[in-house]
2 protein chains.
Amino acid sequence: MEAATRVLIYEDNPDLRLSLSHLLGGTPGLELVGALGNCQQVETDIPRLKPDVVLMDIDMPGINGIEGLKRIKASQPKVSVVMLTVFEDNDRVFQAVCAGADGYLLKKTPPAKLLDAIGEVRAGGAPMTPAIARQVLRLFPKPAAPRQQEDSPANLSAREQEILGLLVEGYSYKMIAHDRGISLDTVRSHIKKIYEKLHVRSMTEAVSKALRQGLT
Amino acid sequence: MEAATRVLIYEDNPDLRLSLSHLLGGTPGLELVGALGNCQQVETDIPRLKPDVVLMDIDMPGINGIEGLKRIKASQPKVSVVMLTVFEDNDRVFQAVCAGADGYLLKKTPPAKLLDAIGEVRAGGAPMTPAIARQVLRLFPKPAAPRQQEDSPANLSAREQEILGLLVEGYSYKMIAHDRGISLDTVRSHIKKIYEKLHVRSMTEAVSKALRQGLT
DNA sequence: GGCGGCATCACATCATTATGCGAGGCGGCG
DNA sequence: CGCCGCCTCGCATAATGATGTGATGCCGCC
């Protein structure tokens, strides 16, 4: 029979790292070869631990997951790297995919699914959540097709973009309402719409997304 | 709850078309608005039947599925189109993805999965088989390495920078507390400090400032 | 001439943030 | 040793933000 799948974890949160370790360590057919809190030594970790699959947290202090991914792929392209993240951030997905990620999962993925995903990636699949898959598809027409000038207002209406701009400036609902001479409830309505369209659920996410994809 | 999801089928095989029709027609929450054997009249079918989701066979006589997909997307980009195919043909996948497909399933997909997929695509997901997902990822170009360098001596302590980073990612206080295994009140404390140091008074301002001055 | 998208406004309700006041432990420094 | 900054935690309150439901008027489009 074949050797167990060698799995390496990079996850800076000790709790999650521990629970992942337990999960993987207790699964037949898998061999946990390491569970590290950062990927500072990624260049030496890989040849030393020889993982088949790497679970890589995207948000880590020091060298982040995207950078770690790039380094792994640069030296050992055959190692499968599955990214773990809390948010389905468009920009991160793009970066990860471009850097050669083999999968992209949310941290809230249930344990059973996570194990499935490892099997899947070993079998040549690309585990990812539906929402992320959708984003990946949407990424396509962009780099593939010769795009023109300013677009990708993410179908935000003029008013919505305007208000998003104010959010980025740090305005509160109240300030926006006053500044634009409209009611507070109207501001709420617009922002609700913006959230829907950007697929976010808080001001910070909206601001972050706006700045990162230049919706300003 | 909202109105039922309107589904339209294009499938030239009468048997499969019939069984798909029965499957979808007998499912609560779905409304089968049509099951056509070709997409010759796709331009008029869509405005007439107003589907939310289209299941499109890729191999059809006359206008093929890829072409049908393009025409749908050209006029009604918001309609979700899930491609159905027998083979995981690399070239087809590429064409479909570039034309804006929202999902890509094999015809041998079991009925239950198919229904799941429709729900998924309505929820903003992109149903596809793992093997196809992997192909999609591989279609991506490698070049992508802008980004900046390391700095950010904004007198923030390491912990503070770390937390600011999480705010930028859209984390709430609660999520940060949980993620870092510290108390909610501690998160508050850190954020109070961050606000002081950055001279801001809200999360959005902090996020904006962080992204703009590269404190990430 | 009805339908969908946009902009406007009104409630209502629950969750999250913003802030102030404190407090204990730790480690470096003069 | 005392002082200070950092990290941790608690409590309390007022302000804001997140979400749902619903309504009105306008406009452009088959």
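Residue numbers start from 1 in every chain, and the chains themselves are labelled A, B, ... in the order their sequence lines are given, proteins ahead of strands. Excluded from the calculations below are hydrogen atoms, water molecules and symmetry mates; all remaining heavy atoms, backbone and side chain alike, are included.
Going from atom CG of A/D185 over to atom C1' of C/dA10 covers 5 Å, rounded to whole Å. Separating the CD1 atom of B/I176 from the C1' atom of D/dT8 is a distance of 15 Å, rounded to the nearest angstrom. In this structure, the CD1 atom of A/I194 is 13 Å from the C1' atom of C/dC6, given to the nearest Å. Between B/E160 atom CD and D/dT8 atom C1' the separation is 13 Å, expressed in whole Å. Regarding B/L156, its CG atom lies at a distance of 15 Å from the P atom of D/dG5, rounded to whole Å. Atom CD of A/E196 is separated from atom C1' of C/dG5 by 12 Å (rounded to the nearest Å). Rounded to an integer number of Å, the gap from CD1 of B/I182 to P of D/dC6 is 15 Å. One interatomic measurement links the two molecules: CG of B/L184 to C1' of C/dT16, which rounds to 9 Å at whole-angstrom precision.
Residue B/S183 places at least one side-chain N or O closer than 4.0 Å to OP1 or OP2 of D/dG10. Contact annotation: B/K192 side-chain N/O to D/dC7 OP1/OP2 distance is not under 4.0 Å. Between B/R201 and C/dT17 there is no side-chain N or O to OP1 or OP2 distance below 4.0 Å. Dashed line: the shortest gap from a side-chain N or O of B/H190 to OP1 or OP2 of D/dC6 is not under 4.0 Å. Between A/S189 and the phosphate of C/dC9, there is no side-chain N or O to OP1/OP2 separation shorter than 4.0 Å. The phosphate of C/dC9 has OP1 or OP2 within less than 4.0 Å of a side-chain N or O from A/T186. The side chain of A/Y195 contributes no N or O atom lying less than 4.0 Å from OP1 or OP2 of D/dT19. Dashed line: the shortest gap from a side-chain N or O of A/S202 to OP1 or OP2 of D/dG17 is not under 4.0 Å. Side-chain N/O atoms of B/Y173 include none lying less than 4.0 angstrom from OP1 or OP2 on C/dA15. An OP1 or OP2 oxygen of D/dC9 is reached within less than 4.0 angstrom by no side-chain nitrogen or oxygen of B/R188.
Among the protein residues, A/K174 comes within range of the sugar-phosphate backbone only, with heavy atoms under 4.0 Å from sugar or phosphate atoms but none that close to a base.
Side-chain N or O atoms of B/Y104 include none that pairs as donor or acceptor with a backbone N or O of B/T85 at under 3.5 Å. Checked by atom type and distance alone, the side chain of B/E160 pairs as donor or acceptor with a backbone atom of B/S157 at under 3.5 Å.
When side chains are defined from C-beta on, A/R48 does not count as touching A/Q41, because their heavy atoms never get closer than 4.5 Å.
Of the candidates D/dT8, D/dC6, C/dC6, the closest approach to any side-chain atom of A/K197 belongs to C/dC6.
The pair A/D57-A/R17 fails the salt-bridge criterion, with no side-chain N (NZ, NE, NH1 or NH2) lying under 4.0 Å from an Asp/Glu carboxylate O. A salt bridge is absent between B/D116 and B/K113; no separation between the charged side-chain nitrogens and carboxylate oxygens falls under 4.0 Å. The pair A/R71-A/E43 meets the salt-bridge criterion, with a side-chain N (NZ, NE, NH1 or NH2) lying under 4.0 Å from an Asp/Glu carboxylate O.
Comparing A/K193 and B/I191 against DNA chain C, the residue whose closest nucleotide sits nearer the 5' end is A/K193.
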